[in-house]
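What you see below is based on every heavy atom in this structure, not just the backbone, and it leaves out hydrogens, waters and symmetry mates.
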There are 2 protein chains.
Amino acid sequence: MNPLSGKINLDFRSSEPIYLQIAQQIQQLVMKGDLKLGDQLPTVREMATELRINFNTVSRAYRLLDETRLISTQRGRGTYIWEEPDEAMKQKLRQKGLEELALRYLKEAGKLGYTPAEAIETLKQLAQSGQTSLSDEDQQEER
Amino acid sequence: MNPLSGKINLDFRSSEPIYLQIAQQIQQLVMKGDLKLGDQLPTVREMATELRINFNTVSRAYRLLDETRLISTQRGRGTYIWEEPDEAMKQKLRQKGLEELALRYLKEAGKLGYTPAEAIETLKQLAQSGQTSLSDEDQQEER
DNA sequence: CGTATTATTGTATAATTGTATCATTGATTG
DNA sequence: CAATCAATGATACAATTATACAATAATACG
């Protein structure tokens, strides 16, 4: 069994592309310590089969992480955790991830006809009212 | 201890295939005089074990060098330095090596969206500003 | 010695793994 | 509706590894 079997949960209904979902979740697993330096990730084909997607999509996620030097992909050999990000890096990655999420939120809101200002306002109110269950328990897989 | 133990440094993250890295570095060692006519190279398995790669990858590097007559591989016997390149040959090899590096640089820059002109400009500036530590001290091994 | 046996060395071929390129699809935009 | 673009898929490819093999050397034994 590979090290992150069942730990990647995709939401095929999300507008978030699945290659980003994969990349972000792997990033989080590293930051949580579930994946450590030197660990081998599943091959693109393994993971693709498990997630029932094309292996090129996994490859794209891996390439993204390779560019940030979080992992190392080696043709013919496999893919490995390359560096455990230091605090600064973690912060940067978190920031970047957040920004992507934020951008998507605004974009989606825009589709629904809301201005950024409106989207922000709604967000604020939501944050104040329902302060329960906003933490990160494991989510259910969707498809 | 074999004659080039620790003298081959691989970068598994490079897009340069490791069989080429090996071949080029052996070539350089011969040109530098670290390897002389008649010297035996480590067996494919020895070197593979040291570098933590498959011996077929070493074999491929050896085959490459065998084809240029720099070394002689003999099944069941081993691998030996075959001829020390004369000055003309050395010059040619150095030139070829540099061209390969240049090509690679441009290719990588291209992937990042830079035109050759931009890549060249950046290179120029870099060369002017930081003229320190551009020599060839031994590099750190990567994985 | 001579020969059989075993170990050592490089080689050939197929399987595995990531990559590059182009095609398809579905949504967005004008 | 056509054009366009991003995400995903299909296909062919390149690097590396796994496995079985062939040639040579080293050793054992008569």
Side-chain angles (χ1 to χ4, degrees), chain A residues 2 10-24 26 39-67 70-82 100 103-104 106-113 143, chain B residues 2 8 10-24 26 39-67 70-82 100 104 107-108 110-113 143:
Chain A
N2 75 56
L10 298 184
D11 178 358
F12 288 91
R13 286 191 291 233
S14 167
S15 62
E16 186 86 341
I18 57 190
Y19 75 92
L20 274 183
Q21 293 184 41
I22 295 172
Q24 286 167 357
I26 291 178
D39 282 356
Q40 176 166 21
L41 297 175
T43 69
V44 290
R45 285 171 178 81
E46 258 181 9
M47 178 170 271
T49 300
E50 248 180 48
L51 299 177
R52 318 229 186 128
I53 57 178
N54 188 278
F55 63 78
N56 280 291
T57 304
V58 178
S59 178
R60 187 164 176 185
Y62 280 5
R63 171 153 33 100
L64 220 58
L65 295 172
D66 185 81
E67 281 163 3
L70 186 70
I71 68 177
S72 165
T73 59
Q74 300 166 21
R75 174 186 299 195
R77 308 193 82 209
T79 301
Y80 303 85
I81 299 297
W82 186 244
E100 276 166 5
L103 204 62
R104 292 217 163 245
L106 290 181
K107 197 174 161 193
E108 293 296 314
K111 279 192 207 163
L112 296 176
R143 207 157 48 78
Chain B
N2 73 57
I8 306 281
L10 298 184
D11 178 359
F12 287 93
R13 296 200 49 145
S14 168
S15 60
E16 186 86 343
I18 57 190
Y19 75 92
L20 275 183
Q21 293 184 39
I22 295 172
Q24 286 166 359
I26 290 179
D39 281 356
Q40 176 167 20
L41 297 175
T43 69
V44 290
R45 285 171 178 81
E46 257 181 10
M47 178 169 268
T49 301
E50 246 178 51
L51 299 177
R52 316 228 187 125
I53 58 179
N54 188 277
F55 61 78
N56 279 290
T57 305
V58 179
S59 179
R60 186 163 178 186
Y62 281 4
R63 174 154 29 102
L64 220 58
L65 296 172
D66 186 79
E67 281 163 3
L70 187 69
I71 69 177
S72 164
T73 59
Q74 301 162 27
R75 174 186 296 194
R77 309 199 68 219
T79 302
Y80 302 85
I81 300 297
W82 189 241
E100 276 168 3
R104 178 158 306 279
K107 195 173 159 194
E108 294 294 319
K111 278 192 200 166
L112 295 176
R143 215 178 30 87

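Across all strands shown, A:Arg63 has no heavy atoms under 4.0 Å from either base or sugar-phosphate atoms.
Between D:dT16 and B:Asn54, no contact under 4.0 Å exists linking OP1 or OP2 to a side-chain N or O. Proximity of B:Thr73 to the phosphate of C:dT11: a side-chain N or O atom is located under 4.0 Å from OP1 or OP2. A:Thr79 has no side-chain polar atom (N or O) that falls below the 4.0 Å cut-off from OP1 or OP2 of C:dT17. A close approach under 4.0 Å does not occur between any side-chain nitrogen or oxygen of A:Arg77 and OP1 or OP2 of D:dA15. The side chain of B:Thr57 contributes an N or O atom lying less than 4.0 Å from OP1 or OP2 of D:dT17. OP1 and OP2 of D:dT16 both lie 4.0 Å or more from every side-chain N or O belonging to B:Tyr19.
Spacing between atom CD of B:Gln74 and atom P of C:dG10 amounts to 10 Å, rounded to whole angstrom units. For the pair A:Arg13 CZ and C:dG26 P, the computed distance is 17 Å after rounding to whole Å. Spacing between atom CD1 of B:Ile18 and atom C1' of D:dA14 amounts to 13 Å, rounded to whole angstrom units. Nucleotide D:dT16 holds its P atom 7 Å from the CZ atom of B:Arg60, rounded to whole Å. Atom pair A:Asp66:CG and C:dG18:C1' shows a separation of 11 Å (rounding to whole Å applied).
Scanning both residues, B:Arg13 and A:Ile71, for their nearest heavy atoms gives NH1-O, 3.6 Å. Between A:Leu51 and A:Phe12 the shortest heavy-atom distance is O-CZ, 3.7 Å. The two atoms that bring B:Gln21 and B:Glu16 nearest to each other are NE2-O, 2.9 Å, heavy atoms only. Listed here is the closest heavy atom pair of A:Tyr19 and A:Ala61: O-CB, 3.4 Å.
On a pure distance criterion of 3.5 Å, a polar donor-acceptor pair joins the side chain of A:Asn56 and the base of C:dA20.
Summary of the strand contacts: B:Ile53 and B:Arg45 both lie near DNA chain D, and taking for each the nucleotide with the nearest heavy atom, the more 5' one is attributed to B:Ile53.
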